[in-house]
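These notes are about the structure you will find just below.
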Protein chains: 2
Amino acid sequence: MPPADSPFQSPQQRSKARAAKREAVLRAAVQMFNERGFHQTSLDDVAASLGISKPTIYHYLGNKDQVLLECVTIGLSQLLEAAEQARQTDGNGAQRLRLFLTRYAQVNMDDFGRCVVRTGAEALGPDSRAQFQALKRKIDSAMRELIEEGVADGSLAPTNTKLLGFALAGALNWPGRWHDPQGELPPARIAEELVTMLAQGFLPR
Amino acid sequence: MPPADSPFQSPQQRSKARAAKREAVLRAAVQMFNERGFHQTSLDDVAASLGISKPTIYHYLGNKDQVLLECVTIGLSQLLEAAEQARQTDGNGAQRLRLFLTRYAQVNMDDFGRCVVRTGAEALGPDSRAQFQALKRKIDSAMRELIEEGVADGSLAPTNTKLLGFALAGALNWPGRWHDPQGELPPARIAEELVTMLAQGFLPR
DNA sequence: ACTATTGTTTACTCACGAGTAGATTGCCTT
DNA sequence: AAGGCAATCTACTCGTGAGTAAACAATAGT
């Protein structure tokens, strides 16, 4: 094995470095997209913020569409992962749903999750858009499954599953629009409280 | 008084016709914005959909920013009007809040309301953006007032007013994203059911 | 009839930003 | 040593779409 501080990189190191650069580009891009909006952000801007030039971005990611698609895909996989976790937890339907929702809300306050919320499908080209929407549908149906399990086991009030899904998604997506990372309440707390409100309803019990 | 079908218009008729054309432009614009997104819609497209040319739009509305600003302003005034109505109704806080929320949801399924939901503040220039955000804040505080009245009179469960406001706004804005006017359930019904869910919570009572 | 005003068009300008060509450098393999 | 590949740059092209200039038409007021 070569010395750890050798200036010559092993193949693994090289490909890791490459992946790290790709991710750095995505991070920089997603932050700018969230701040100024996708259309107000040029790839020149993103490049400049990393001290590189635009063609370098094209070297790692094919085009602007691709950049956005990767950003939202990351966000969406975090949401899917949340669904996966909830699915594997045991407890009744209501408990599992709450677990999912809490994590869901938190993701939406994170860079990539925020990007998912703020990105309209129209911003993407036809192919990317299709992928984007397919993933979103997947999350939707995961949520609906959890709801239906809860209704089935009696831990949730019986309702129109689809509508409840939309209501919950809306309420918990919205933080992606208003949440300020500098705010005093930590995201985890916000998530908890939001979910509790949705669980209890605003009428007194 | 001149004959009703005279080809010569009175001043009132003229200014009314002018206003009608202005509105027609806004309607056409907002529909296209909602469908394809603001940045994917050129004013040439909007003009073409009305069988006119772009400079005509500039004749009625100063620039693209202005067009969007007027669209969202219309939507926002409908929301404000809803708040006004609720404020003037009598009943306890919960009842008034529900009235407001139901109307709020309905507006968000309408052309101009949808535009409000779908438009990120970044799309607007600095001045318009400031106006836009000021109006939104006004709605927010109207909602919070209603919530606080309800908490005060005991018809609502005590909570973090701000968070509850955001949760409700999110849940009821979201239809602006997913609602399909061709759907079987009429907007009024959707609004009712959503509000009921939020009132009751998803846990059984 | 003459002039001003309003509405509308055609035919432009101009900036911006996505995407590319091609050169350059340096490491990695044989 | 030589050729190849990876990473990066500078310096372009080129389409699109916002916004405008200037002309033309119709109507209104005098």
Side-chain angles (χ1 to χ4, degrees), chain A residues 2 6-26 28-29 32-33 36-71 122-128, chain B residues 2-3 5-26 28-29 32-33 36-71 122-128:
Chain A
S6 159
F8 301 91
Q9 299 175 10
S10 70
Q12 297 89 16
Q13 283 174 322
R14 287 182 71 73
S15 80
K16 207 167 156 186
R18 188 183 164 87
K21 290 185 189 174
R22 236 182 102 95
E23 278 163 37
V25 171
L26 291 174
M32 261 175 153
F33 291 165
R36 323 182 174 179
F38 178 68
H39 293 286
Q40 283 67 46
T41 304
S42 76
L43 289 188
D44 277 315
D45 292 337
V46 175
S49 84
L50 290 165
I52 62 178
S53 69
K54 182 170 53 171
T56 301
I57 294 184
Y58 280 83
H59 181 68
Y60 288 100
L61 298 153
N63 55 31
K64 201 184 178 187
D65 206 88
Q66 189 71 205
V67 174
L68 181 56
L69 177 61
E70 296 245 0
C71 288
E122 328 87 44
L124 290 159
D127 296 359
S128 313
Chain B
D5 64 342
S6 160
F8 300 92
Q9 300 175 11
S10 69
Q12 297 90 16
Q13 283 174 322
R14 286 183 71 73
S15 79
K16 207 167 157 188
R18 188 182 164 90
K21 290 185 190 175
R22 236 182 101 96
E23 277 164 37
V25 171
L26 292 174
M32 263 175 152
F33 291 165
R36 324 182 172 176
F38 178 68
H39 293 286
Q40 284 66 46
T41 304
S42 77
L43 290 188
D44 276 316
D45 292 337
V46 175
S49 83
L50 291 165
I52 62 177
S53 68
K54 181 170 56 171
T56 301
I57 294 184
Y58 280 83
H59 181 69
Y60 289 100
L61 298 151
N63 57 29
K64 201 183 178 188
D65 204 88
Q66 189 70 206
V67 174
L68 180 56
L69 177 62
E70 296 244 359
C71 288
E122 328 85 46
L124 291 159
D127 295 0
S128 313

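Nothing here was measured: the structure is a model prediction, and the numbers come from that model. Residue numbering restarts at 1 for every chain, and letters A, B, ... go by the order of the sequence lines.
- The CZ atom of B:R22 sits 12.0 Å away from atom CD1 of B:I57, with the distance rounded to the nearest 0.5 Å.
- Closest to the side chain of B:S53, out of C:dT9, C:dA18, D:dA18, is C:dT9.
- Rounded to whole angstrom, the span from the CD atom of B:Q66 across to the C1' atom of D:dG19 amounts to 14 Å.
- The B:H59 side chain lies nearest to C:dT8 when the options are D:dC9, C:dT8, D:dG17.
- Comparing atom distances between the B:K21 side chain and each of C:dG7, C:dT9, D:dG19 picks out C:dG7 as nearest.
- For D:dC9, the OP1/OP2 oxygens have a side-chain nitrogen or oxygen of A:T56 closer than 4.0 Å.
- Contact of A:K54 with C:dG19 (side chain to base): a donor-acceptor pair of N or O atoms is detected under 3.5 Å.
- Atom-to-atom, CG of B:L43 to P of D:dG19 comes out at 7 Å; the value is rounded to the nearest Å.
- In this structure, B:L68 atom CG and D:dG19 atom P are separated by 12 Å, rounded to whole Å.
- For A:Y58, taking side-chain heavy atoms from C-beta onward, the closest of the listed nucleotides C:dA11, D:dC9, C:dA18 is C:dA18.
- Under the 4.5 Å side-chain criterion, counting only non-hydrogen atoms from C-beta, B:H39 is in contact with A:Q40.
- Contact annotation: the side chain of B:I52 never approaches that of B:K21 to less than 4.5 Å [non-hydrogen atoms, C-beta and beyond].
- Nucleic acid contact for B:Y60: sugar-phosphate only, since backbone atoms but no base atoms lie under 4.0 Å from a heavy atom of the residue.
- Residue contacts shown for B:S42 are limited to sugar-phosphate atoms, with no base heavy atom under 4.0 Å away.
- In this structure, the NE2 atom of B:H39 is 13 Å from the C1' atom of D:dA18, given to the nearest Å.
- In this entry the distance linking CZ of A:R22 with P of D:dA7 reads 12 Å, nearest Å.
- The CD atom of A:Q40 sits 14 Å away from the P atom of C:dC16 (whole-angstrom rounding).
- Side-chain atoms of A:E122 and B:F38, non-hydrogen and from C-beta on, never get closer than 4.5 Å to each other.
- Here B:L26 contributes atom CG and B:E23 contributes atom CD; the two are 7.5 Å apart, rounded to the nearest 0.5 Å.
- The distance between atom CD1 of B:I57 and atom C1' of C:dG7, rounded to the nearest whole Å, is 14 Å.
- Taking 4.0 angstrom as the limit, B:R18 places a side-chain polar atom (N or O) nearer than this to OP1 or OP2 of C:dG7.
- The separation between A:L50 atom CG and D:dA7 atom P is 16 Å, rounded to whole Å.
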